[in-house]
Amino acid sequence: MPFTAADSDACRADFPALDRLHDGQPLVFLDGPAGSQMPRSVIDAIGDYYRQNNANHHGSFPTSHDSDAAVLEARRTLATFLNANEWHEISLGQNMTTLTYSLARAFGDRLAPGDEIVITALDHEANRGPWLGLRERGITVREVGIRPDGTLDPDAFASQVSERTELVAVTLASNALGTVPDLAQVVRLAHDVDAWVLVDAVHYAPHFPIDVQALDVDFLLCSAYKFYGPHVGVLYARSGLLEQLPTEHLRVQSDDPPYRIETGTLNFAAIVGAAAAVEYLASWGEGEDLRSRIVDAARGIAEYEHALAGRYWQAVREIPGVTGWGPDFDDTPRAPTVSITVDGHTATDVARLLGERGIQVWDGHFYAIRAVEVLGLADRGGLVRTGVLMYNTSSEIDRLLEALEELAESA
Ligand SMILES: Cc1ncc(COP(=O)(O)O)c(C=O)c1O
């Protein structure tokens, strides 16, 4: 089902934060990739959890039973969101970074000096730092570089992956440049040498439908606050794999997946909220079951966001002194995330001036620091990033363009 400009206008009523005014004008939230706003249904689900349950797990009393049931249901919903086969393929944690560190520590215990891991220069540090840390144990970490347009070179993967490779860790979408790498080739190369593939879907999840089975990945991580939920990390581990990792956990904790990587008391309210976010997204799609509604909604929203971000990409590069970074908006998949630099201004200056007008965009490297370094932008303060989400409108993009034009004139 298409997601139209009228749908985007209509959905705004669901997001209380969008009512906030700044100098009498609505605040503009174009910081999508840095976190999305939450719809009322998600906020209510979190509130209801606290109002009705708020109990620790595995107790022999009603609120604990209900809490356990709600968390199990949330795992099922998140499994459907990712098209995982089983709810026990879904582990939950504080955030994506913490889950990745836990995975890396356990993975490192399986490896021997000389084994190799392949990462990319495009990735957020959360999918680099934990793997780079394993060099202390004699493990070689190889990096696939990026081209000037922010794409990964497929030939570079072919030359970095070898019989020694045990894991390829790669992003599904860059949070700095919007690049969506061609994963099929990466998975093929890795699986041909029996290496596992781990993907960071944090930036991909709010913008595209995810199907772990079609992607054929072994691990996938995402973070609910990027797809209209609260702060909670989600890990998909293909059935049978988590058992092979000596994850750190207390002896009183279950050794079975999905629990064996989960430590301490989880944020049950946030987990319930993450599932409510999936239900919210699905409410914009049609279909007989939750999965078909998720996919239908995600496709429609992706098209809407792509068109809006594409219009901004074309227009902003016409402004004198503005350079756009990242791949072009064409028929290949690309996240609706546009990063620019403006001659004569640091990224922070631009973001601050826009912020004074109530236009909220992010500046810097957004922890995708390697990409910013490789593009030679670190000394200039990095990038000014505009992240389009389902509730962003054409008139917001006009406001942004107008402000940038004035800024460029003043340079
Ligand atoms: C692409 C990407 N990967 C990983 C992360 C880290 O996620 P978390 O904050 O849940 O650890 C982020 C957060 O900005 C991100 O954008």
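In listed order, ligands and their atoms are each counted from 1. By convention here, the first residue in the shown sequence is residue 1.
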For ligand 1, which atoms have a heavy atom of Asn175 less than 4.0 angstrom away? 1 (C), 16 (O)

Mark up the atoms of ligand 1 that fall under 4.0 Å of a heavy atom belonging to Tyr225, in ascending order. 9 (O), 10 (O), 13 (C), 14 (O)

Between the main-chain N or O of Ala55 and the side-chain N or O of Asn53, is there a donor-acceptor pair closer than 3.5 Å? no

State the atoms of ligand 1, each with its element, that fall below the 4.0 Å cut-off from a heavy-atom position in Asn95. 8 (P), 10 (O), 11 (O)

Against heavy atoms of Val202, which atoms of ligand 1 measure under 4.0 Å? 2 (C), 3 (N), 4 (C), 5 (C), 12 (C), 15 (C), 16 (O)

So, do Tyr228 and Phe15 have ring centers that fall under 6.0 Å from each other? yes

Do Thr98 and ligand 1 have an N or O pair less than 3.5 Å apart? no

Have a look at Thr97, Asp200, Leu122, Thr337 and point out the one with the heavy atom closest to atom 1 (C) of ligand 1. Asp200

Would you mind listing which atoms of ligand 1 come within a distance below 4.0 Å of any non-hydrogen atom of Ser223? 8 (P), 10 (O)

Counting heavy atoms not belonging to Trp362, are there more than 12 under 6.0 Å from its CH2? no

Would Arg385 count as a cation-pi partner of Phe366, with NZ or CZ less than 6.0 Å from the six-membered ring centre and within 45° of the ring normal? yes

Based purely on interatomic distance, does Met96 place a nitrogen or oxygen under 3.5 Å from a nitrogen or oxygen of ligand 1? yes

Compute both the distance and the angle, then confirm whether Arg317 meets the cation-pi test with Trp313: under 6.0 Å from the six-membered ring centre, within 45 degrees of the axis. yes

If the contact criterion is a heavy-atom separation under 4.0 Å, does Lys226 count as touching ligand 1? yes

Indicate whether the side chain of Asp200 and that of Asn127 have a donor and an acceptor atom separated by less than 3.5 Å. no

Are a donor atom and an acceptor atom from the side chains of Asp48 and Gln52 found within less than 3.5 Å of each other? no

